[in-house]
Amino acid sequence: MQAWQVHENGEPGQVMRLAEVEQPTPGDGQVLLRVRAANVNFPDALLCRGEYQVRPPLPFTPGLEICGETEDGRRVIANPALPYGGFAEYALADARGLLPAPESLDDAEAAALHIGYQTGWFGLHRRARLEAGETLLVHAAAGGVGSAAVQLGKAAGATVIGVVGGADKAAVARELGCDVVVDRRGEDVVAAVKEATGGRGADVVYDSVGGQAYAQSAKLVAFEGRIVVVGFASGTIPSPALNHALVKNYSIVGLHWGLYNTKNPELIRHCHDRLTELAAQGAIRPLVSERVPLDGAAAAVQRVADGVTTGRVAVVPEKGATA
């Protein structure tokens, strides 16, 4: 079978190599899945660079979430078991972690429903306790993680402010349903949010960027607001001033979604049931901006790493089902 492999750490476009390899053999508790579509995530780039919290042995195949097909023909969502990731014709996964792919979504959309939407749901509902009528601010609102948070925020009845970088991404954020869009390249983010909220600020801030975005978040979060930290796509990990959180009376909450796999996996299934319901209702639908063949995976991961994509990019192996 064909699979992308990383033999040394570095930038995805330089270290990912497409090769003919042996089909992997499932271990105890694992299943072999035919990859119908694999979603590209920023952590795939971190894996290639050797900067992710998990460092699989070299060589490995990246690709952290897929829509796959079991040997008995079931269409499922899964997190592949590294080093046999999703950018291949076949992948391995933990049998206990398989989730049914929603019938309302095609393969590429189903592959993109999992990590980003689960992270958004846990971040907004379990960690921030977002309520209808509150104001949610989403950094990088046109990206894969941000677009999920925007849709989930609207589904929860919140007023959503999206921060983006560039006119093209601003247009995408509006299409996603943002009530207010702020282009950080031409606007003062803090001033624009304060103006949009009558000086109050945002009740919940969803930050997958870190760096300067976090500094802005601390300035624009409302009284008793919550800043949800889900990642550092900017590459800069901020150092919060805790005295500032005390003086302004806001909370800083972290979310590492992967911990729920070991700490409380039943919550993941509950979340998936809720996401499936929302998808069936049309309240959420992953924005898949590109569908590329298997041989385009390395370039796709590099584009996501460079921050030039909108929504999600899905890799659809030629032998997989049409997405």
Side-chain angles (χ1 to χ4, degrees), residues 12 37-48 52 62-67 77 79-80 85-87 102 105-124 136-155 160 162-166 168-178 181 184 206-210 213 228-235 255-258 271-272 275 278-279 284-292 296-316 323:
N39 182 49
V40 179
N41 287 277
F42 185 73
D44 290 312
L46 297 180
L47 276 169
C48 291
Y52 196 51
L64 295 174
E65 63 180 344
I66 66 170
C67 175
I77 294 173
N79 296 124
F87 301 143
L105 303 179
D106 67 24
D107 293 338
E109 292 166 339
L113 183 73
H114 195 41
I115 297 175
Y117 281 85
Q118 286 257 347
T119 299
W121 192 91
F122 275 92
L124 297 181
L136 166 67
L137 182 138
V138 180
H139 287 288
V145 172
S147 61
V150 168
Q151 292 183 354
L152 288 168
K154 292 299 295 180
V160 180
V163 178
V164 299
D168 55 339
K169 294 188 176 183
V172 171
R174 292 188 186 95
E175 291 176 6
L176 285 166
C178 286
V181 177
R184 60 179 172 77
Y206 192 78
D207 184 5
S208 62
V209 179
V228 186
V229 179
V230 298
F232 313 104
S234 67
L255 173 64
H256 177 192
W257 171 76
C271 174
H272 181 69
L275 294 176
L278 290 171
I284 62 173
R285 192 177 197 92
L287 172 62
V288 180
S289 58
E290 296 181 61
R291 290 169 167 82
V292 302
V301 176
Q302 189 64 59
R303 289 197 300 277
V304 170
D306 293 340
V308 297
T309 60
T310 57
R312 291 297 191 182
V313 180
V315 176
V316 184

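Note: hydrogens, waters and symmetry copies are ignored here, and every other heavy atom, side chains too, is used.
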Novice: Any heavy-atom pair between the side chains of Val163 and Leu137 that's under 4.5 Å?
Specialist: yes

Novice: Donor-acceptor check, side chain of Ser289 to backbone of Arg312, threshold 3.5 angstrom: yes or no?
Specialist: yes

Novice: State the NZ-CG distance between Lys154 and Leu136, to the nearest 0.5 angstrom.
Specialist: 10.0 Å

Novice: Could you tell me which residues satisfy side chain to side chain contact (heavy atoms under 4.5 Å, CB included) with Leu287, sequence neighbours excluded, listed by chain and number?
Specialist: Val172, Leu176

Novice: Say you draw a straight line from OH of Tyr206 to OG1 of Thr119; how long is it, rounded to the nearest 0.5 Å?
Specialist: 5.0 Å

Novice: Side chain to side chain donor-acceptor pair (under 3.5 Å) with Asn39: which residues, sequence neighbours excluded?
Specialist: Glu65

Novice: Can you tell me how far the CG atom of Leu64 sits from the OH atom of Tyr52, to the nearest 0.5 Å?
Specialist: 5.5 Å

Novice: Quick one: do Val301 and Val315 satisfy side-chain contact (heavy atoms from CB on, under 4.5 Å)? Show the steps, please.
Specialist: CA-CA 10 Å; Val301 176; Val315 176; over 6 Å; no

Novice: Could you pull out all residues at least two apart from Asp168 that satisfy side chain to side chain donor-acceptor pair (under 3.5 Å)?
Specialist: none

Novice: At their closest point, which heavy atom of Ala142 faces which heavy atom of Ala173, and how far apart are they?
Specialist: CB-N, 4.5 Å

Novice: For Phe122, check side chain to side chain contact (heavy atoms under 4.5 Å, CB included) against everything at least two apart and list the hits.
Specialist: Gln118, Arg126, Leu255, Trp257, Tyr260, Leu267, Ile268, Cys271

Novice: In Å, rounded to the nearest 0.5 Å, how long is the span from CG of Leu152 to CG of Leu275?
Specialist: 6.5 Å

Novice: List for me each residue that meets side chain to side chain contact (heavy atoms under 4.5 Å, CB included) alongside Ala300, sequence neighbours excluded, and say none if there are none.
Specialist: Val40, Val292, Arg303, Val313

Novice: Residues in salt bridge (Lys or Arg N to Asp or Glu O under 4.0 Å) with Glu109, at least two apart?
Specialist: Arg285

Novice: Tell me, please, which residues at least two apart from Gln151 pass side chain to side chain donor-acceptor pair (under 3.5 Å).
Specialist: Tyr117

Novice: To check you understand the geometry: which heavy-atom pair defines the closest contact between Ala140 and Val209, and what is its length?
Specialist: CB-CG2, 3.9 Å

Novice: Report the distance from atom CZ of Phe42 to atom CG of Asp306, rounding to the nearest 0.5 Å.
Specialist: 9.5 Å

Novice: Testing the basics here: between Pro286 and Ala112, what is the closest heavy-atom pair and its distance to 0.1 Å?
Specialist: CB-CB, 3.8 Å

Novice: Look up atom NZ in Lys169 and atom OG1 in Thr310, then write down how far apart they are to the nearest 0.5 Å.
Specialist: 7.5 Å

Novice: Looking at Gly311 and Ser147, what are the two nearest heavy atoms and their distance?
Specialist: CA-OG, 4.2 Å

Novice: Mind checking side chain to side chain contact (heavy atoms under 4.5 Å, CB included) for Pro80 and listing every partner two or more places apart, or none if nothing turns up?
Specialist: Ile66, Ala91

Novice: Quick one: does Leu113's side chain get under 4.5 Å of Pro102's, heavy atoms only?
Specialist: yes

Novice: Could you tell me whether the side chain of Thr309 and the main chain of Val304 form a donor-acceptor pair under 3.5 Å?
Specialist: no

Novice: Indicate the atoms forming the closest heavy-atom contact of Leu124 with Gly153, along with that distance.
Specialist: CD1-N, 4.0 Å

Novice: Would you say Asn41's side chain and Pro43's backbone share a donor-acceptor pair under 3.5 angstrom?
Specialist: no

Novice: To check you understand the geometry: which heavy-atom pair defines the closest contact between Ala314 and Val288, and what is its length?
Specialist: CB-CG1, 4.1 Å

